[in-house]
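Written below as structure tokens is the structure these notes are about.
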Amino acid sequence: MLLLGLILFGMLVGAAAQLIVGRSARGVEWGIALVAGILGSFIGGLLASLIAGDGLAFRLSGIIGSVAGAIIVVLVLQWWRGRKAVSRR
């Protein structure tokens, strides 16, 4: 049940990151939302929680860090896709 909750939380965070970055006109890509949410939550959430001194508890600093990390992952994935599209021409 915990694993299902983590996946769902990751997808929601990834979807929010895509909407913040500006993908709302094209919709949410759920595969990217899952990857960005889980990676962003792990990297950003863990880092923010540890810097804030909250440890591994579920706190607001971890949620904010998760969204920030997911935004960074979405931006990197968009850059990577753009780079690959230009190299194919």
Item to complete: May I ask whether L8 and L39 are part of the same hydrophobic cluster, defined by side-chain heavy atoms of I, L, V, M, F, W, Y residues being less than 4.5 angstrom apart, directly or through others?
Response: no
Fill in: Between CD on residue Q18 and CD1 on residue I71, distance to nearest 0.5 Å
11.0 Å
Worksheet item: Side-chain heavy atoms under 4.5 angstrom apart, residues restricted to Ile, Leu, Val, Met, Phe, Trp, Tyr: same cluster for L19 and L34?
Response: yes
Worksheet entry | Derivation of the side chain to side chain contact (heavy atoms under 4.5 Å, CB included) call for E29 and L77 | CA-CA 12 Å; E29 291 184 39; L77 287 173; over 6 Å; no
Worksheet item: Minimum heavy-atom separation for A17 to V74, with atom names?
Response: CB-CG2, 4.0 Å
Worksheet item: In the single-linkage hydrophobic clustering (I, L, V, M, F, W, Y; side-chain heavy atoms under 4.5 Å), do L75 and V13 co-cluster?
Response: yes
Practice prompt. Compare every heavy atom of A33 with every heavy atom of V28, then report the nearest pair and how far apart it is.
Written response: CG1-CB, 4.1 Å
Worksheet item: side chain to side chain contact (heavy atoms under 4.5 Å, CB included) between I43 and I72: does it pass, once the steps are laid out?
Response: CA-CA 10 Å; I43 296 168; I72 292 170; over 6 Å; no
Worksheet item: Atom CG of L12 and atom OG of S66: how far apart are they, to the nearest 0.5 Å?
Response: 11.5 Å
